[in-house]
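Remarks on the structure that follows.
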Amino acid sequence: MRALCCFFVFIFVFDFIFCENEIYKGILTPECVTKYYRLFVTRRIPPRNYQYFHEAMSPLEYRQADNLTDTELQFRIVGGRQVHIRDVPYQVLYGLYCGGTLIAPDWVLTAAHCKEKDQFILAGSTHRSLAKPYAICAHFTHPRWNSTKQHYHDFDYQLLLLEKAVPVTINSRPIAIGVIESIQPGAIVSVSGWGYTRYKERMMQDVVRRVYLPIMAREVCQALPLPNYNEITPRMFCAGLPNGTKDSCQGDSGGPAVVNGKLVGLVSFGVGCAAKDQPGVYSNIPMMRDWIRSVTGLPL
């Protein structure tokens, strides 16, 4: 959404928000109406009264993130390491089969390809089965998503406005958006989720997992054999090793890729999981800062 002035047509359960010829659909509840009014009429955003994830990190956690050993890099979500949700408190589930990232207590960022069908996110627990549901007021998919057949996963961004804010605790905390300069070849990204541990496993994990992956140079990724990688756009980056062995997988889509405690990407697509010459592809989040700000009004 690029416009600041909108109007609403309310229909019992659903409302439609019209903004510069873009239409977004959401649930009509008193809480949601209040948020719509604040977003599109008053444009008033309460001052931030919580710490972002990187602000709450200890110096030890920073050193551990910056000094990963070869042994730690051997772990992956596909057959990888379980972590506690306090290690990734910004991680949420969108519906039951996609990931998402808490960027404010009442805003979640996920992938457009996860679609707009789910009406809740789950947050606050290491265990997927114990996470608390939060209803979604509205979906805001990037207006240029899937606008051409050439780049099916270009502009793979979706924002979710929550009916009620997720409490900021040690187990659920928003993460700040990083800078474009952090997405450099060789930089290590942390990727987390409850997704499959094997390709086509058809079973989400109950305990959240995390993997560390090196960002791949764009020219290296585009030169890989499969044609999917020839269509990498500036709004994407690849992460993984040429020989595979580490990767995100199905069910991790929309989940966070983090550098130095800040969000730089989300899981967009891949070919198989952890296969040779088939790295994961991630949507570039810092590049979309202006669009995210225009929708949410957040002082990012």
Side-chain angles (χ1 to χ4, degrees), residues 52-55 57 61-62 64-68 72-73 76-77 88 90-91 99-103 108-113 142 144-145 151-159 174-193 210-224 226 228-242 244 246-249 252-271 274 277-294 296 298 300:
Y52 282 125
F53 174 67
H54 76 278
E55 295 169 333
M57 286 176 70
E61 289 173 313
Y62 267 116
Q64 289 174 336
D66 290 337
N67 296 283
L68 297 172
E72 288 171 317
L73 285 174
R76 53 192 169 88
I77 295 179
V88 289
Y90 45 81
Q91 172 81 56
T101 306
L102 201 65
I103 61 170
V108 167
L109 183 62
T110 187
H113 78 263
H142 195 285
R144 295 185 64 183
W145 159 247
H151 300 303
Y152 181 72
H153 279 77
D154 204 2
F155 294 98
D156 193 7
Y157 308 96
Q158 181 182 180
L159 283 160
I175 190 170
I177 293 174
V179 295
I180 292 175
E181 291 74 18
S182 294
I183 304 174
Q184 297 291 336
I188 301 299
V189 294
S190 162
V191 183
S192 52
R210 178 172 61 184
V211 60
Y212 293 105
L213 301 167
I215 294 177
M216 185 177 289
R218 178 177 298 277
E219 59 272 18
V220 173
C221 188
Q222 290 178 320
L224 292 172
L226 292 179
N228 307 65
Y229 298 106
N230 301 331
E231 300 178 348
I232 299 299
T233 75
R235 289 159 295 278
M236 306 174 187
F237 66 89
C238 301
L241 295 173
K246 301 190 285 288
D247 204 359
S248 52
C249 201
D252 295 319
S253 289
V258 174
V259 173
N260 294 328
K262 295 184 180 181
L263 183 69
V264 298
L266 58 82
V267 179
S268 184
F269 75 93
V271 183
D277 290 332
Q278 295 173 192
V281 180
Y282 299 80
S283 295
N284 185 317
I285 299 304
M287 188 167 284
M288 287 295 113
R289 188 187 304 272
D290 287 346
W291 174 73
I292 296 170
R293 185 187 289 123
S294 74
T296 64
L298 295 170
L300 301 173

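Residue numbers start at 1 and run along the sequence shown. Note that the structure is a prediction, hence the values are computed from the model and not measured. Because only heavy atoms are used, hydrogens play no part in the values below, and waters and symmetry mates are left out as well, while side chains stay in.
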Where the side chain of [X] meets the backbone of [Y], is there a donor-acceptor pair that is under 3.5 Å apart?
X    : Y    : value
R218 : C238 : no
Y229 : P279 : yes
D156 : H113 : yes
T110 : G99  : yes
Q222 : N230 : no

Practice item. Kindly indicate, with the supporting measurements, whether the criterion salt bridge (Lys or Arg N to Asp or Glu O under 4.0 Å) is fulfilled by D154 and R235. Key: CA-CA 7 Å; D154 204 2; R235 289 159 295 278; 2.7 Å; yes
How long is the gap from [atom1] on [X] to [atom2] on [Y], to the nearest 0.5 Å?
X    : Y    : atom1 : atom2 : value
Q91  : F53  : CD    : CZ    : 11.5 Å
Q278 : N228 : CD    : CG    : 8.5 Å
Y157 : R144 : OH    : CZ    : 11.0 Å
M288 : I180 : CE    : CD1   : 8.5 Å
Y282 : I232 : OH    : CD1   : 11.5 Å

Review point. Do the ring planes of H153 and F269 sit parallel (below 30°), tilted (30 to 60°) or perpendicular (above 60°)?
Key: tilted
Practice item. Evaluate the ring planes of H54 and Y52, with Trp represented by its six-membered ring, and classify them as parallel (under 30°), tilted (30 to 60°) or perpendicular (over 60°). Key: parallel
Exercise for review: Would you name the heavy atoms of G240 and M216 that are closest together and state the gap between them?
Suggested key: O-CE, 3.7 Å
**Study point:** Exercise: identify the closest heavy-atom pair between S253 and S268
**Key:** OG-O, 4.4 Å
Exercise for review: Check each of I285, V259, N284, V189 against I183 using the side chain to side chain contact (heavy atoms under 4.5 Å, CB included) test, and report the only one that passes.
Suggested key: N284
Practice item. Applying side-chain contact (heavy atoms from CB on, under 4.5 Å), run through L263 and Y90 and close with a yes or a no. Key: CA-CA 9 Å; L263 183 69; Y90 45 81; 6.0 Å; no
Point to revise | 4.5 Å side-chain heavy-atom contact, P174 and I103 | key: no
**Study point:** Chi angles and distances behind the side-chain contact (heavy atoms from CB on, under 4.5 Å) call for I292, L298
**Key:** CA-CA 8 Å; I292 296 170; L298 295 170; 5.5 Å; no
